[in-house]
Chemist: 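I am attaching a structure below and will ask some questions about it afterwards.
In this chain, residues are counted from 1 in sequence order. Every number for a ligand or one of its atoms is a count from 1 in the order of the listing.
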Amino acid sequence: MTTKVVYFVVDGRDEQTEFCSDDDTDDLKETFRAAAEAGPHDILKLYNKKGNLINISPRLSENAPDSRYKLEVVAAQCTGEHSTMASRLGFDLSVFDERLCALEKKVFVDNGDMPETVVEMKAKVEELKQKLEGVEHLSWLGLFKDISSGTSLKPFWDKQKSLKKSEQHSKRVFQKFMSMSKVQVTDEVREYLHKPTFDNWQWDESEMLILLRQMFIDLGFVTRFNIELPVLHNWLYEVFTNYNLVPFHNFKHCFMVAQMMYGLTWLIDLPSILDDIDILTLITSAICHDLDHPGYNNAYQINARTELALRYNDISPLENHHCSVAFEILEKQHCNIFRNLKRDEFRRVREGMIRCILATDMAKHNEILGNFKTAVQHFDLNNKDHKSVLMMILIKVADISNECRPMEVAEPWLECLLQEFFNQSDLEKLEGLPVAPFMDRDKVTKPSSQIGFIKFVLLPLFEALGILFPKLEPHIITPVRKALDYYTDMQNALEEEKHKKESSNSVGKHNGISNQVNGKIQT
Ligand code: BYE
Ligand code: ZN
């Protein structure tokens, strides 16, 4: 075993190191890294006197102080989309953090006391971490341009592509759908499909296509409007492929809204108060109401000045888009379920669908509910405006009705919604756009979001509809009140847990809330 000494210069400083020929290469690199004050992701380059790049290894030849090697540090390249600003800057604070923690432990065990320097170092790392987190959202100012140029985040439209279903997946669903299309749906399932307690999580997408087809058959649309079955299949499949792979506003959400509309149709016996064109309008609107949703809401579209916001001048960009895609699909004759409608019938369906789909913009909520409450006072089905606002309320109710469902059905939907919201707020932080507090993963919990939403949005809306249709009370109002109790209990349990943690003097950064989205609350 021979001991070697090498001399080198780094950053204008003279340094030297001693090592053994059978030392570990990584250990030696670590020594050089320390001498260069480099981070774990930095690239080290060692040059000899001739300016040739040489390998850092224990086989490195010894040299003399007057023929020093030259050590250079190159900031690490950032290729990952998810890399933080810290790692883009060439160091990863979490590694320092981990190392310090290990050091802290060791020192504490060995010494029984914490040296001032370690405490100081920890505070420094924490301070630096916070500073970086604090400016990370300012990336849009271009402050970090040179660091991230060429390697930075993918542009928005690139991300969009990945939201699209793969052809392979879509084709498999279509094949399964077609292979089942001759199969009879049992009376039991047809009956179950009428109920707001229907559990979507038990069915796959091709089965949902079959069930949507069944709704068209059982409502008598296929015969009444002379809809050819192959056209219905093509249309349903086209609708399916035009829903994106986003956590919430996906094809399953479309199915659930359509199924709730279908359930309401039977529960309040809509055919006795509306004509078949109106019911066709309602069910078709429900199926089309979120077509091609990108998973980011109108506020994002407007603030980020997306193509959609530009096209629709900030006026309900998403809802205008959903509706436009719906009619683009219907323009293809092999998908046009309305192709045998009379000109006047088509005109009415189109007008109605545009009205219903645009009514799903929650920015219009108070206006629509206000109009409905006024109409309810002396409701008259012969009044066109009354009928129109009733249809708008029905699609709105179906759209946000998850909490009417049994808890096992509703709660995963809330998790999907929060996931979509968190994805948006993460992107907004990254792009330096305004973030709505209800979307912020640091501010929102399942109960905190639902308690207010149920009290101030769901109950007033459902109760207004309940005045016109008292029969609905046990189906939509009672379960929502139960959901309110459920989330109130959850809130209390969370508060208690927080207090317990605080009193046992282990106040940490995590309050157990952020875990909720993926896991169930532990009480
Ligand atoms: C709404 C608007 C857009 C998309 F964060 C979805 F508390 C919704 F505000 N929906 N749909 C169902 C909902 C629900 N929003 C909320 N709860 C629902 O059950 C509240 C939200 C989680 C939040 Cl309104
Ligand atoms: Zn929707």
Chemist: Under 4.0 angstrom from ligand 1, any heavy atom of H249?
Modeler: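 Within the 4.0 Å threshold, so yes.
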Chemist: With rounding to the nearest 0.5 Å, note down the distance linking CZ in F198 to CE in M260.
Modeler: 11.0 Å
Chemist: What is the minimum heavy-atom distance between S206 and F177, and which atoms define it?
Modeler: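 Scanning both residues, the minimum pair turns out to be CB-N, 3.8 Å.
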Chemist: Identify, for atom 10 (N) of ligand 1, the protein heavy atom at the shortest distance, and state residue, atom and that distance.
Modeler: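 The protein heavy atom lying closest is L417 CD2, 3.6 Å.
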Chemist: Take the angle between the ring planes of F240 and Y237 and call it parallel below 30°, perpendicular above 60°, tilted in between.
Modeler: tilted
Chemist: Take N303 and E431 through the test side-chain hydrogen bond (donor to acceptor under 3.5 Å, both in side chains) and record every step on the way to the result.
Modeler: CA-CA 10 Å; N303 291 330; E431 293 183 348; over 6 Å; no
Chemist: Under 3.5 Å between any N/O of Q450 and any N/O of ligand 1: does that happen in this structure?
Modeler: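 Min N/O separation from ligand 1 is below 3.5 Å for Q450.
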Chemist: A326 and C288: which non-hydrogen atoms are nearest, and at how many Å?
Modeler: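 Heavy atoms only, the tightest pair is CB-CB, 3.7 Å.
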Chemist: Within the 4.0 Å heavy-atom shell around F453, which atoms of ligand 1 are there?
Modeler: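 Per the distance check, 13 (C), 14 (C), 15 (N), 16 (C), 17 (N), 18 (C), 19 (O), 20 (C), 24 (Cl).
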Chemist: Which atoms from ligand 1 have a heavy atom of M362 less than 4.0 Å away?
Modeler: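 It comes down to these atoms of ligand 1: 2 (C), 24 (Cl).
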Chemist: What angle, to the nearest 10°, do the atoms OD1 (D399) and NE2 (H253) form about the Zn ion (ligand 2)?
Modeler: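 About 90° at the Zn ion (ligand 2).
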Chemist: Under 3.5 Å, is there a donor-acceptor pair between the side chain of S388 and the main chain of K384?
Modeler: no
Chemist: Of all the N, O or S atoms in D290, which has the shortest distance to the Zn ion (ligand 2)?
Modeler: OD2
Chemist: Name whichever N, O or S atom of H289 ends up nearest to the Zn ion (ligand 2).
Modeler: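 Atom name of the closest N, O or S in H289: NE2.
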Chemist: Whether the H293 and N250 side chains hold a donor-acceptor pair (N or O, under 3.5 Å, no angle test) is what I'd like checked.
Modeler: no
Chemist: Mark up the atoms of ligand 1 that fall under 4.0 Å of a heavy atom belonging to S449, in ascending order.
Modeler: 5 (F), 7 (F), 22 (C), 23 (C)
Chemist: I want to confirm something. Looking only at heavy atoms, which of V480, I400, D290, L418 is nearest to atom 12 (C) of ligand 1?
Modeler: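 Nearest heavy atom to atom 12 (C) of ligand 1 lies in I400.
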Chemist: May I ask you to identify, for N297, whether its side chain, its backbone, both or neither come under 4.0 Å of ligand 1 on a heavy-atom basis?
Modeler: neither
Chemist: For the pair L341 and R348, evaluate side-chain contact (heavy atoms from CB on, under 4.5 Å) and give the outcome as yes or no after the intermediate values.
Modeler: CA-CA 10 Å; L341 262 63; R348 267 190 65 200; over 6 Å; no
Chemist: What atoms of ligand 1 come closer than 4.0 angstrom to any heavy atom of F421?
Modeler: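 By the 4.0 Å cutoff, the relevant atoms are 5 (F), 21 (C).
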